[in-house]
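Remember, predicted model here, so these are calculated numbers, not experimental data. Remember, it's 1-based here, ligands and their atoms both numbered in the order they're listed.
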Amino acid sequence: MTLQDTLWTFDDLVGAAGGRADNASGAPVTGLSIDTRTLAPGDLFVALKDQRDGHEFVSAAFAAGAAAALVSTSYEAKPGDGPLIRVPDVQAALENIGRAARARLSPDARVIAVTGSAGKTGTKDMLRAALSRVGATHGADKSFNNHWGVPLTLARMPAARRFGVFEIGMNHAGEIGPLSRMVRPHIAIVTTVDAVHLAQFPNVEAIAEAKAEIFQGLEPGGTAILNRDNVHFETLRRHAEEVGARVVSFGQSARADVRSKVLEIAADGTAMQIDIGGREIHCRVGVPGIHIAMNALAVAAAIDAAGADVETALAALPTVPPPPGRGVRTELPLGDGHILLIDESYNANPASMRAAFAVLGTVPRAAYKRRIAVLGDMLELGAEEQSHHLALKEAVDAAGTDLVFASGPNMEHLFRALPPERQGAWGLRSGEIEDALVARLAPGDVVMVKGSNGSRMGPLADALRKRLAAG
Ligand SMILES: Nc1ncnc2c1ncn2[C@@H]1O[C@H](COP(=O)(O)OP(=O)(O)OP(=O)(O)O)[C@@H](O)[C@H]1O
Ligand SMILES: [Mg+2]
């Protein structure tokens, strides 16, 4: 191991965790892991309690090459265990390590936090790729945005990084504030505010208030980057200004500080002319959809606020892929031709459904004759869930959707509202429509699959990939 690979020396880790070491010394750690299935040799294994108690996996962690394990004081060491760091509360200790990682960053480092009802991961990924062009950058894995994902990402940040990009999410009010105070961002982005997790909130305005908690941890003199086109812009601006933040807005609005002047949306991405404080920059975004282009404006604003060269950084955007299940495209052989699968199965809410339909509507008819939507329920929408589903009919129509397959009790309402010739099949569960869908497919179809994660449209997309690839 070179010195460069060291993330934490053992002693620093014990100190940061506020723990006590069983062995006087241990090897430096090169990473942190909470899951023995993905643990890399040299990692600190953090025995968190989630669905299972991580303490059951300490032996497996050492067998996989863990350098040390962070465990509860009550853990009984097993034969074969390596160095243990004992703490009263493993979750709190992980947070302490995260705070220590933040505290040891250079004063020149810039930390950016991303929240919003949709587009956090996509924006974080774009920002990470863009900033990597201009300086050493650390960022969250996947959608690591909750009470363990955020401190874990922070604790994994090497001291010598110039940029850190964090995703902060929530299911309930009061969750973003503590995470933001842990991350202490210089720049906070709110991508958009929409009806997501509405079941936990009285209305969308309350969601905006909860997103505004991201400003609680903003560093003095920090920047809030807000969506000028969102109806909750003023609420967010008010909260940002209350903590003394500089507000930079983005969007299509002429009043936005960072705005898209020319916008060419195509099935293979978006070309934009961006006006950023009077400067004009050309930008191409590889993932199609106006919502992704708007996220890219937030990325541009954040790069600028971080003091980096926007043009150099944005040159990364044409090749940033969408996160899995958020618009990944695959051509699958069928008969003497193929179909195009657009996999949006990772999640869904009214805003991202509309965005996905808008993208479906841009797929050229010359290449793909028939547009098929395969839809699962949007979950957690609360009392208005039925009308949120029915209201999608407009987006279905606007995209020129030829055929709709649907699953789930809520999507049934939308399905029944369609004319019979556009009804493919409906089933209570996603697996129940698989055969009917495959039977109706023809070469030259584009198939967009989308639903909330819990609606299990992902397995349906997987099944489609398997069955068609197998011929
Ligand atoms: N600004 C936006 N408005 C509406 N939909 C968006 C926006 N940005 C991305 N989306 C769509 O929302 C879906 C989820 O995207 P993404 O995974 O980036 O969001 P997220 O906020 O990280 O979600 P999660 O809360 O599950 O972590 C994708 O289908 C994506 O295309
Ligand atoms: Mg996410």
Return yes when [X] approaches ligand 1 closer than 4.0 angstrom through a heavy atom, no otherwise.
X	answer
K124	no
E344	yes
T191	no

Modelled atom types, side-chain donor and acceptor of [X] and [Y], under 3.5 Å:
X	Y	result
E95	H147	no
S143	E167	yes
T235	E205	yes

Salt bridge check, [Y] against [X]: does any charged N sit closer than 4.0 Å to a carboxylate O?
X	Y	answer
D402	R365	yes
D125	R128	no
R279	D304	yes
R467	D435	yes

Is the number of heavy atoms from other residues, nucleotides or ligands within 6.0 Å of [atom1] ([X]) greater than 12?
X	atom1	answer
R456	CZ	no
E384	CD	no
E394	CD	no

Please write down residue, atom name and distance for the protein heavy atom closest to [atom].
atom	result
atom 27 (O) of ligand 1	S143 OG, 2.9 Å
atom 1 (N) of ligand 1	N295 OD1, 3.1 Å
atom 10 (N) of ligand 1	H291 CD2, 3.2 Å
atom 19 (O) of ligand 1	G119 N, 2.9 Å
atom 25 (O) of ligand 1	K120 NZ, 2.8 Å
atom 18 (O) of ligand 1	G122 N, 2.8 Å
atom 23 (O) of ligand 1	N347 ND2, 3.4 Å

*asked:* With respect to the Mg ion (ligand 2), please indicate if N145 possesses an N, O or S atom at a distance under 2.8 Å.
replied: no
Of all the atoms in ligand 1, which lie at a distance below 4.0 Å from a heavy atom belonging to [X]?
X	value
E167	22 (O), 27 (O)
N145	27 (O)
R326	14 (C), 15 (O), 16 (P), 17 (O), 28 (C)

Side chain, backbone, both or neither: which part of [X] comes within less than 4.0 Å of ligand 1 when only heavy atoms are counted?
X	result
V196	neither
S352	both
K450	side chain

*Mind reading off the angle at the Mg ion (ligand 2) between the OG1 atom of T121 and the OG atom of S143, rounded to 10°?*
80°
*Start with the C-alpha distance between S455 and D377, add both sets of side-chain angles, then the distance that settles side-chain hydrogen bond (donor to acceptor under 3.5 Å, both in side chains), and finish with yes or no.*
CA-CA 6 Å; S455 299; D377 273 7; 5.5 Å; no
*CG/D43 to OG1/T30 distance, rounded to the nearest 0.5 angstrom?*
5.5 Å
*For the Mg ion (ligand 2), find the closest N/O/S atom belonging to E167 and write down its atom name.*
OE2
